[in-house]
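Taking it in order: structure first as structure tokens, then the write-up.
A note on names: the letters A, B, ... follow the listed sequences, proteins ahead of strands, and every chain is numbered from 1.
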Number of protein chains: 4
Amino acid sequence: MSPLNRQQLDQIRDERREQIKQAALKVFARRGYTGTKTSMIAAEASISEGLIYRYFNSKKELFITIIQEMMEESKRELEHIEHLPGTPFEQIRNLTLNMLDENNKFAFMLIQRSRKADDVPEKVAQIFEQHSTNVLIDLLIPIFIKGQNSGEFPLGEPRKLLTWYFSIINSLIIQDQVDEEYGLPDVDVLMRILKK
Amino acid sequence: MSPLNRQQLDQIRDERREQIKQAALKVFARRGYTGTKTSMIAAEASISEGLIYRYFNSKKELFITIIQEMMEESKRELEHIEHLPGTPFEQIRNLTLNMLDENNKFAFMLIQRSRKADDVPEKVAQIFEQHSTNVLIDLLIPIFIKGQNSGEFPLGEPRKLLTWYFSIINSLIIQDQVDEEYGLPDVDVLMRILKK
Amino acid sequence: MSPLNRQQLDQIRDERREQIKQAALKVFARRGYTGTKTSMIAAEASISEGLIYRYFNSKKELFITIIQEMMEESKRELEHIEHLPGTPFEQIRNLTLNMLDENNKFAFMLIQRSRKADDVPEKVAQIFEQHSTNVLIDLLIPIFIKGQNSGEFPLGEPRKLLTWYFSIINSLIIQDQVDEEYGLPDVDVLMRILKK
Amino acid sequence: MSPLNRQQLDQIRDERREQIKQAALKVFARRGYTGTKTSMIAAEASISEGLIYRYFNSKKELFITIIQEMMEESKRELEHIEHLPGTPFEQIRNLTLNMLDENNKFAFMLIQRSRKADDVPEKVAQIFEQHSTNVLIDLLIPIFIKGQNSGEFPLGEPRKLLTWYFSIINSLIIQDQVDEEYGLPDVDVLMRILKK
DNA sequence: TATGAATGAGAGTTCATTCAT
DNA sequence: AATGAATGAACTCTCATTCAT
């Protein structure tokens, strides 16, 4: 009977906003920015098309928001990398496993796909320029060198090998290149790339 | 100023048609099906927007035509694979080099991208079902086994390893994952995947 | 905390209704019918958007109600005109002063503005046809003639002069043509129009 | 048979653009910015709704363009005022006649209406701030003073009287306060305001 | 009674496609 | 055969109105 109080309303708003972002992430990841119609997002979120606009000013803003928040999230996660347990080989192996994890699938797909797409809003291109993939590589170089010294990794330019390795991982993620029969390549097969 | 004869007109038509397909291929590859406006194709081909429709009934037909012709071309090429010179290792190495070749870039990008995209015409999905990647794999299995016997390749399920290997190659192509500094991964680094 | 009784509830309803009408009058007067969003009315009245609909069936009905009530009010006032004190000149002068009075501003603005606007509900156009401005003119003609006889007003067609005079007054009101430095024209300057 | 040449195309574009502006002017003047639907403009111009957008980026831009061009036009006209023939009284009389002229009706209606409306794009408000009505008044003050000296105009503050006079003229125009029977007030009746 | 989240019809805008030249 | 202006269906977005609380 009595109207909802502020706290309850705030919670509803937060939940709805999150729900829309999740739905949009899923559709954007699969169909790209232009290929996604707002009606698809609404359907995926099981809400009306108009409601999207009570939470985001435009399809563009919704897209940018999602990318931005994911980039920030990934930045925070990267900061923990150096303190992960295990040998250098195990550290990179775990990182790989995490990236290929089904749960992160859409997020990585969207980011990688958008990084290369030519049909995204200008703003998104700028965000990607700031958060270059190199940050990850830079963090891993000391770990890789430790692994070289301990004999776990082959000699050769650490930056070059790591760059190549992660362009492969990224490509796999973005393309959702899951073979129906065999699934994604085994992490241990992938890590052969980092072996002699 | 005598009017062009039949044969000359046909030639002009053929050239125009080719010109439009090349332009469309380039734009579709970079921006995807929905992300590509017919005006972009016209601009890329340096012709007027309307002219496209004297050569193709629709954007959809143009897209399907391109995909179809590329699939047929790739099918023809595949038939030669068995007779390529060299050891099994060299054969697959050359095949890889060819796929990653800059000249084929747009074609492979478009095919791989479209294979996974959810925003392409229904017909294209059907084409891909028929020309499954498996055809390539099937052709390579005997070669791979020969390589296993000769010790060039590791033991293990040939189909599985080849499937994984080519999902990686395909992913790299489609994403145009060329690092600015280091370029595409070296073929020899990639082929580590097919080593013990 | 005994529940409010019937009478108290009725009073609250009446007050709310009045509050909404006042707020709507203000916004409609400034922004016109189409230019006014129900959310603006709610904000001006410091109530929720939904509440408007417990007092009025629609924005249209609210608008029509306001216009209608104002027309009736003005009709009642007109009936007193003939019995106002003073000479004919003074009577019209006082009437003018009353019309230009700041307190009636929004009401007159809304009426005049709506009378000419093409974007109001059909019903409103009908109301205006019934309550033509001529009623006012008709009532004033005898007074004007008396003034002509006493030499206060110039010769000439009374209806024509009065019509012109009040189209000017009306225009000034509706446009809120208040110069920032000098304000509305002096009543005595305006009344020059009714002089030789 | 042969395609139109550049010059012909440019002419078509110019004509079309002008046609859309004229149609929009008419509808905007009568129904205001918010009250005007793009479909109405298209209908008035007898073109499709989409075509508007090949000539203007948005309804907003179309509106701003119209206002801007009219302000510039009026600015140019004002520069000639001082050199008009006749006595000061005749000069202002002619200026008044010109403003009330049926041909300029929509232009003046739109400008005056938009000057006071609260539902126009921000940019338009800025334009009006720059082109204040005062420019006209400032130009007329010397003329008015000459008229005072020659006895054509009454004593009193020139700026105040002129301001009031033109707020009346402006109001009449904007409101299209044409009485069906008597039409707009006679210029000579209006000019009584500028008499003793 | 009062709130504001949610809906959906309709407005503004885009772009594949058609058509006069 | 070629052009680009014009169309209209489909899309993005707005806002009067409804409804759960």
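Residues satisfying the side chain to side chain donor-acceptor pair (under 3.5 Å) criterion with C:E49, sequence neighbours excluded, are absent altogether. With sequence neighbours excluded, the residues satisfying salt bridge (charged side-chain N to carboxylate O under 4.0 Å, His left out) with B:E73 are B:R76. Take A:A45 and apply the side-chain contact (heavy atoms from CB on, under 4.5 Å) test, not counting sequence neighbours, and it matches A:Q19, A:A23, A:I47. By the side chain to side chain donor-acceptor pair (under 3.5 Å) test, C:T38 is found to be paired with no residue, residues two or more places apart in sequence or in another chain being considered. In this structure A:T65 satisfies the side chain to side chain donor-acceptor pair (under 3.5 Å) test with no other residue, sequence neighbours excluded. D:E44 is linked by a salt bridge (charged side-chain N to carboxylate O under 4.0 Å, His left out) to D:K26, counting only residues two or more places apart in sequence or in another chain.
Phosphate contact (OP1/OP2 of E:dT14, side-chain N/O of D:Y53, threshold under 4.0 Å): absent. For B:Y55 and F:dA2, the shortest distance from a side-chain N or O to OP1 or OP2 is below 4.0 Å.
With rounding to the nearest 0.5 angstrom, the CZ atom of A:R115 is 11.5 Å from the CG atom of A:L110.
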Which pairs of donor and acceptor atoms, one on a side chain in residues 53-61 of chain C, lie under 3.5 Å apart (sequence neighbours left out)?
from: C:N57; atom 1: ND2; to: C:E61; atom 2: OE1; distance (Å): 2.7
from: C:S58; atom 1: OG; to: C:K60; atom 2: N; distance (Å): 3.4
from: C:S58; atom 1: OG; to: C:E61; atom 2: N; distance (Å): 3.0
from: C:K59; atom 1: NZ; to: C:Y33; atom 2: O; distance (Å): 3.1
from: C:K59; atom 1: NZ; to: C:T36; atom 2: O; distance (Å): 2.7
from: C:E61; atom 1: OE2; to: C:N57; atom 2: N; distance (Å): 3.4

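Within the structure, salt bridge (Lys or Arg N to Asp or Glu O under 4.0 Å) pairs that include any residue of residues 7-20 of chain A comprise A:R6-A:D10, A:E18-A:K21 (at least two apart or interchain).
Taking the nucleotide of DNA chain F with the nearest heavy atom to each of D:R6 and D:S48, the more 5' of the two is matched to D:R6. Heavy-atom nearest nucleotides on DNA chain E were determined for A:I52 and for D:L51, and the one closer to the 5' end corresponds to A:I52.
Residue contacts for A:L9: at a heavy-atom cut-off of 4.0 Å it reaches the sugar-phosphate backbone alone, with no base atom in range. Within the 4.0 angstrom heavy-atom criterion, no nucleotide atom of any strand lies near A:F56.
Using a 4.0 Å cutoff on non-hydrogen atoms, the parts of residues 57-70 of chain B near DNA chain E are B:S58, B:K59, ordered by number. Looking at residues 11-28 of chain D, you'll see that no heavy atom sits under 4.0 Å from any atom of DNA chain E. For residues 33-43 of chain D, proximity to DNA chain E is found at D:T36, D:K37, D:T38, defined as any non-hydrogen atom under 4.0 angstrom from a strand atom.
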Could you summarise the pairing of DNA chain F as dot-bracket text, marking Watson-Crick and G-U pairs under 3.5 Å with ( ) or [ ] inside the strand and | across strands? .||||||||||||||||||||
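When each of E:dT7, E:dG4, F:dA2 is scored by its nearest atom to the side-chain atoms of B:R54, the top-ranked nucleotide is F:dA2.
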